[in-house]
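One structure below.
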2 protein chains.
Amino acid sequence: MNLKQLSHMLALSQTTVSRALNGYPEVNEETRRRVIDAAKRHGYRPNPSARRLATGKTGMIGYVLPTGAAVDIDPHFVEFLSGLGDYARSHELDLVLSPADADDQETTYRRIVANRQVDAVYISSPRPADRRVALVNTLGIPFIVHGRSEGLDFDYPFTDIDNEGAFHEAARLLVQLGHRRLALINGDDGETFAIHRERGVRRALAASGLVLGEGHVCSLVMTEENGYRAARRLLERSDAPTAIVCSSLIMALGVVRAVRDLGLTIPGDLSLIAHDDVFPWLKPENFSVPLSTTRSSIRLAGARIAERLAARISGLEEGARGEVWPVDLVIRGSVAGAPG
Amino acid sequence: MNLKQLSHMLALSQTTVSRALNGYPEVNEETRRRVIDAAKRHGYRPNPSARRLATGKTGMIGYVLPTGAAVDIDPHFVEFLSGLGDYARSHELDLVLSPADADDQETTYRRIVANRQVDAVYISSPRPADRRVALVNTLGIPFIVHGRSEGLDFDYPFTDIDNEGAFHEAARLLVQLGHRRLALINGDDGETFAIHRERGVRRALAASGLVLGEGHVCSLVMTEENGYRAARRLLERSDAPTAIVCSSLIMALGVVRAVRDLGLTIPGDLSLIAHDDVFPWLKPENFSVPLSTTRSSIRLAGARIAERLAARISGLEEGARGEVWPVDLVIRGSVAGAPG
DNA sequence: CGAAAAGACCAAAGCGCTTTGGAAGACTCT
DNA sequence: AGAGTCTTCCAAAGCGCTTTGGTCTTTTCG
């Protein structure tokens, strides 16, 4: 059932039927009702390919997915995706993942824009002076950045959490509890979020005349193994930290293991606070010693970004507005006063 | 730059240019070279929307993504996706995720097929007599099932691993080591893979005249927390198992925690084998006691399924061929002879 | 050498929608 | 009553590609 058949059946022109269905004003309400009714009754659905060719709109949002043997898609991604899906579903938006060589995403961005394959894109895990942000900005496709870049000479729309504030709070609490030697086990410091977190910790320490010691900050891909190694290395130092702030729950898993292996205890020998993106399958309250966290649902962020993308596509949102979400600090058993 | 302009520039008809570019035989090789060359030089890329309207082909594969507040996308999904992306990237295939209400995926499947939104789809986490498989089969779109259903009255193409064989081997080894009371901490037993795994364990036990005791098998969503709870419940029984086979590494994390909380040790008091889908961020060899596993890379499965889908789209693969991959059994420190 | 076959190309008809540029009739206003 | 204004509808022109159904040469072969 296509438009031609439907309009013939109603003894109307395609123009009128199309307009009636798309809510244009220049059609009699009585006629519109007839059309809508007939369309429903015959299960007419406009062919998206045709509509796409005519309008250029696709009803899809895009994401360039870095892949490659050496590239691991972050488990955070899936949680973000859940949120995106939550929103997209109720708006019949689909998501197009375009896999790209991690080292050459630019080509893919250009392709999906040139081909008009999607109405908007989002960018995640931005870095300082991120080239993707610059590219997408000049290509002129609607977009939102999940997180922030830095040092770009233009503004852009983003949704981020207050990483600096969160880690500032966490570190401040530890200092207040008497800790003098803090360490930070961070994510890849090429990414802005990690930079912000480190900045937050340093600022909190500086407020009490302390510094983040040389060798007391690690930047690693966030795996359990890296958490273990980093913690082990830290705790075996002569100036071992008495408190660690950690960028991910998965790494915290490794930290806990290292602590145990070394015959130490949490929070007796070491206080630990980690960032929690809220995974349904790994909860800080279920750690053997319940883990204190800075918490922000990455899933909610996904939903929000889908919402903003939809708004941008339909022209409801414009400009380079950035939004920064506050982060909760949730205290559980893994923090205590400094030992000794 | 569109076809019209390009053909005008070459003083050829659109027909000839189109055919030259698409490899049709009825065009002079010399002409073809000229055309291809000019296309490249001017950066001509056929508009996919137009091609789509004309041919019905989209160059995309689809996946209906169950979403909803109560639905968690499995972290396995992302690993699978990596594999899919690895292949898709090199073939300029995109992946369309269509979020759907978890309780009504049927509507979405019908929509994407009716709308010709994708050339093929894959189905994951199938259940016995899975309605999605039946639906997709009748809708007539190319598809591959990742895993297997059961009790369907037709054949269908799938790629699965030998879950039954793997868990049979694991259980057999434990029995050989003298274990008499095994337990199985399984995934959601609505899904076929869990059923197969249970079957494997039971078969191995039966071969030695043993059975999987009432209460010695748990079926749960695969989270750390559920692993902990299940293990705790099992180990506090009067007839506590001396060995556990576990369906996921994430659950195994919980098992390890429960063992420790109860003051027990691995493998002294309990032998443990878990299934490993090969996550880059959580490795069995890095457990405090290195974990024995049945191992199969879900990422490789993703790549394979992309490959088969591409083959089906282009007509290179047909029929309902199913393939079952063998699973490795990797022995590490977490297994030992039965205590006592 | 003439008929049939093969080779190389083209004009035009879709694919199914949106949108432009009217046109016809009904209504208002002076 | 005639000019202007709405209201409501339509024919036809795209959107940019593929594909059908030719035409015109050139080659092959009995």
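Just so it is clear, the values below take in all heavy atoms, side chains as well, and ignore hydrogens, waters and symmetry mates. Chain A is the first sequence line, chain B the second, and so forth, proteins listed ahead of strands; every chain is numbered from 1.
Nearest approach of Pro126(B) to Val145(B), heavy atoms of both residues: CG-CG1, 3.7 Å.
Using a distance-only test at 3.5 Å, with no hydrogens or angles considered, no donor-acceptor pair links the side chain of Asp119(B) to the main chain of Ile61(B).
Within the nucleic acid shown, Thr55(B) comes within 4.0 Å of sugar-phosphate atoms alone, with no base atom in reach, counting heavy atoms only. Base contact: Arg19(A) has a heavy atom under 4.0 Å from a base atom. Residue contacts shown for Ala20(A) are absent, as no nucleic acid heavy atom lies under 4.0 Å away. Thr31(B) comes within contact range of the sugar-phosphate backbone alone, with a heavy-atom separation under 4.0 Å but no base atom that close.
Tyr24(B) has a side-chain polar atom (N or O) that falls below the 4.0 Å cut-off from OP1 or OP2 of dT19(D). Within the structure, a side-chain polar atom (N or O) of Asn22(A) is placed less than 4.0 Å from OP1 or OP2 of dT18(C). At the phosphate of dC9(D), neither OP1 nor OP2 sits under 4.0 Å from any side-chain N or O atom of Thr16(A). For the OP1/OP2 pair of dC17(D) and a distance below 4.0 Å, the side-chain nitrogens and oxygens of Asn47(B) include no atom meeting the criterion. Phosphate contact (OP1/OP2 of dC9(C), side-chain N/O of Ser13(B), threshold under 4.0 Å): absent.
Between the P atom of dT7(D) and the CG atom of Leu12(A) lies a distance of 19 Å, rounded to the nearest Å. The CZ atom of Arg51(B) sits 19 Å away from the C1' atom of dG16(C) (whole-angstrom rounding). Straight-line distance from the CG atom of Asn2(A) to the P atom of dG16(C): 5 Å, rounded to whole Å.
Remark: the Thr15(A) side chain and the dT19(C) base include a donor-acceptor N/O pair separated by less than 3.5 Å.
Below 30°, between 30° and 60°, or above 60°: for Tyr156(B) and Phe154(B) the angle between ring planes is above 60°, a perpendicular geometry.
Here the nucleotide nearest the side chain of Ala54(A), chosen from dC9(D), dC17(D), dT18(C), is dT18(C).
Judged purely by distance below 3.5 Å, without hydrogens or angles, the side chains of Thr192(B) and Arg148(B) never pair a donor atom with an acceptor atom.
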